[in-house]
Amino acid sequence: MRRSPRHCAPYRLTGGLVALALTLSAPATADNIAPGSWTDRKCTLYRHAVEDALALLGRDGITDAFMEENDAFIANGCVARGGVCPRSEQDIAMANLLTTMTMNEGMASTFVPFDCPD
């Protein structure tokens with residue numbers, strides 16, 4: 001004989017309370033630390049990624065506009081979305097590398113500022 005759903009309600013409530021307690025007691029990680037501090041950390045990681053990508057790829061073929069837009073993104077705390085448009089083949093190679101590097105650091109691919117107007 002099957003129990004009716006009302007007999008299971010206390011177990012669902014208890015399970016929910018346990019899950020809530022575990023969430024509140026979980027150690028701070030990149031996913032649950034204060035937004036400002038993770039934003040700051042992501043920006044620092046991105047700045048380092050730009051430096052490392054330049055060391056790997058070199059500056060030849062990367063447009064001044066691409067670098068200036070990246071510098072502005074970093075200077076503004078990496079919070080403005082879009083605004084960095086890869087134009088040359090080397091710009092695109094750097095944008096691809098930066099996207100991969102930031103994802104390897106635990107950031108979403110939507111973090112990077114790459115976007116070109118139509």
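Computed from a prediction, not measured in an experiment: that's the story for all the values here. Atom set for the values below is all heavy atoms of this structure, side chains included, hydrogens, waters and symmetry mates excluded. The chain is numbered in sequence order, starting from 1.
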Q: Check whether any side-chain N or O of Asp40 sits under 3.5 Å from a backbone N or O of Ser37 as a donor-acceptor pair, and report yes or no.
A: no
Q | Heavy-atom closest contact (Ala53 atom, Met94 atom, distance) | A | CB-CE, 4.1 Å
Mind listing the side-chain donor-acceptor pairs of residues 66-79 below 3.5 Å, one per line with the distance, residues two or more places apart or on another chain?
from	atom 1	to	atom 2	distance (Å)
Glu69	OE1	Cys85	N	2.9
Glu69	OE1	Arg87	NH1	3.4
Glu69	OE2	Arg87	NH1	3.4
Glu69	OE2	Arg87	NH2	2.9
Asn70	OD1	Tyr46	OH	2.3
Asn70	ND2	Phe66	O	3.3
Asn76	ND2	Ala72	O	3.0

Q. Should we count CD of Glu89 as having more than 12 external heavy atoms under 6.0 Å?
A. no
**Q.** Partners meeting salt bridge (Lys or Arg N to Asp or Glu O under 4.0 Å) with Asp64 (sequence neighbours left out)
**A.** Arg59
Q) Do the side chains of Leu57 and Val50 join up, straight or via other hydrophobic residues, at under 4.5 Å, putting them in one cluster? A) yes
Q.
Please determine whether residues Leu98 and Ile92 belong to a single hydrophobic cluster, defined as Ile, Leu, Val, Met, Phe, Trp and Tyr linked transitively by side-chain heavy-atom distances below 4.5 Å.
A. no
Q) What's the shortest heavy-atom distance between Pro86 and Ala95, and which atoms? A) CG-CB, 4.0 Å
Q: Supply the atom-to-atom distance Leu45 CG to Glu105 CD, rounded to the nearest 0.5 angstrom.
A: 4.5 Å
Q: Could you tell me whether a side-chain N or O of Thr102 sits under 3.5 Å from a main-chain N or O of Met107, the two making a donor and an acceptor?
A: no
**Q.** Backbone N/O of Lys42 and side chain of Arg47: donor-acceptor pair under 3.5 Å
**A.** no
Q: Just jot down the side-chain contact (heavy atoms from CB on, under 4.5 Å) partners of Thr100, sequence neighbours excluded, or say none.
A: Asn104
(Q) Is there a path of hydrophobic side-chain contacts, each under 4.5 Å between heavy atoms of I/L/V/M/F/W/Y residues, joining Leu54 to Leu56? (A) yes
